[in-house]
Amino acid sequence: MTATDNDSTGRGAPSLVEQPGGSAGATAASGPGDGQQQAPQQRTLGNRLAAAPWAELAAPIGLVVLVVVFSALTPTFLTGGNIQAILAASAILVVLAVGQTFVVATSGIDLSVASTMTLGAVVLGQFVAAGTSIALACLAGVAAAAVVGVVNGLLVARGKITDFIVTLATLSAASGLALVVADGKPQPVIDRFLLELASGGIGPVAWPVLVAIVVAVGAHVVLFHSRFGLRLLATGGSEEAARKTGVHTARIKTAAYVISGVLAGLAAVLLVARVGAAEPASNTSFLLNSVAAVVLGGVSLFGGRATIVGPVIGAVLLTALANGLTLVGVSQFYQPLAVGVVVAAAAFLTRFSR
Amino acid sequence: MTTTDPTATAAPPVGDDLLVARGLRKSFGSVQALKDGSVTVRRGTVTALIGDNGAGKSTLVRCLSGVHAPDEGELLLDGKPVRFTLPEQAQAAGIETVHQDLALVEDLTVWQNLYLTRELTRGLGPVRVLDRRQMRARAAEMIGSLAVNVPGVTQRVRRLSGGQRQAVSIVRAAHWGSSMVIMDEPTAALGVQETARVEALIRDLRERGLTVLLISHNFEQVLRLADEVWVMRAGRSVAHRHTAGTSGEDLVGLVTGAISA
């Protein structure tokens, strides 16, 4: 490189002015990830069209389509009672999907969420069987799930083992442990508190729905309005850059897995209340659906870009899909097939957002 | 060859030693990337570090910025021995780095990158939420104060051009670096015009009294901007020169080893 007009640039206000856009990556505009970001001012129409946040819109659009289709097929679908049923049924998945979102936002994945929930449920059941108070039993269930989260986090962040492998291992270990602890048998849990949790609520809003709302709102605040949330998104976006900027990336990643574990424990309480028993069942569909909800919600599996509202809508969508298919009289066997088609369609739509 | 400012380079600068590194060593497995990293940076000057690819410049920089902990060697800041094993320790000492890869998170906005790990919060007691409005406003001021034009602090870095990204990274370092800014090849990836702008920015920082350690392998640029030069070869610091009275051919000779130090 040669000297470039060096004297004239000397004292004059140095500026790196350039028009935005036109450069690589100019289309990845206002995607999710920044809760209340203002629309960038300098945007051409073409830019805006190309930059439509398809990833963000996939779940809401899908939900609207489902509602239209199913309410055309059966009048029962859009009744108050059925809407309540869908929301109540989606609460567990919402809580799991929110936890999964934290992990995915760090560009990781938690394959152990469902097994962790099972372990939490079984531990809860054993404490109830031992005659402890329900509060202690619930706390023990959440604590057991949190321990799985800690193990995941330490192995991934400190042990530097691939998230996929670590959580695949804890998926197996946690469900095995659940079988051992429960001796393979379901434990009925009859308790007034859990009964109220499963069947009561405030007005038309069931308790599990309220729990899910509180979790979702809390998660949104943490992710977009706290230091931790910003550092978590930074870690997911570029671990190297975050580290060089002084972010404790290992600590952040560990925390994400712990959050996922704790929320799986909370989901376990909801599950036991709903089923009325603590079962060492594998709950695999919850794992697949939690990841599906996150993908539907437009959260980047590469990390760094996330919303909470997306995965929440994704979880409701998946539950509404199962509900609608049942109402229409489609065999249960077709439900996983339908979920697969919906997720693939969402992923296809998301392709256009980058 | 041209000089930046006759008054600045006519005589050797007189600032005291801000940062002194002596005999820093760093190995990665069996590879000795840095065998004897030594550099002295005087307060208020632009000091350049030059050398061929693989000479150990970036490794030395990463030891100074806390990204790598050196295996051996001595580091003095303001005459006091310091040891950095984490980037935040160098940051706390007032040393900011514009890394070669810029260390920006592309998915975050400009203001988020400028404030990452220094977030402003508001709230009561232990309940703190991000003060986004304040950070956005101050980030815009930061950018304005250095007269760089980045198209708005709410833009994601992904949308910025190479020169604009460079500017964001330099603004961040200049704002938070209370004692020294290290720049690792800040113009290597830039075009002619953008390079000129970044060079103007570096002169501007020096005018403001900031101390700059500039890593470059563009010798003309070094002679234009720097007061002093340290030369590295094969993992060692081999020579130290004042730019006044040094020619580009001298530097080439020192870097290649044609001229022994």
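Proteins get letters first, then strands, A, B, ... in listed order; numbering begins at 1 in each. As a basis for the values below, the full set of heavy atoms in this structure was taken, side chains included, without hydrogen atoms, waters or symmetry mates.
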Segment of B:Leu86 engaging chain A (4.5 angstrom heavy-atom cut-off)
side chain
What part of B:Gln91 gets within 4.5 angstrom of chain A, counting heavy atoms only: side chain, backbone, both, or neither?
side chain
If you count the non-hydrogen atoms of other residues, nucleotides and ligands that lie under 6.0 Å from CZ in B:Arg128, is the total more than 12?
yes
Cation-pi between A:Lys253 and A:Tyr257: NZ/CZ under 6.0 Å from ring centre and within 45° of the ring axis?
no
Between the side chains of B:Gln221 and B:Thr187, does any donor sit under 3.5 Å from an acceptor?
yes
In terms of side-chain geometry, is the basic nitrogen of B:Asp107 or B:Arg158 positioned less than 4.0 Å from the acidic oxygen of its partner?
yes
Which one, A:Gly236, A:Ala234, A:Ser238, leads in non-hydrogen pairs under 4.5 Å with chain B?
A:Ala234
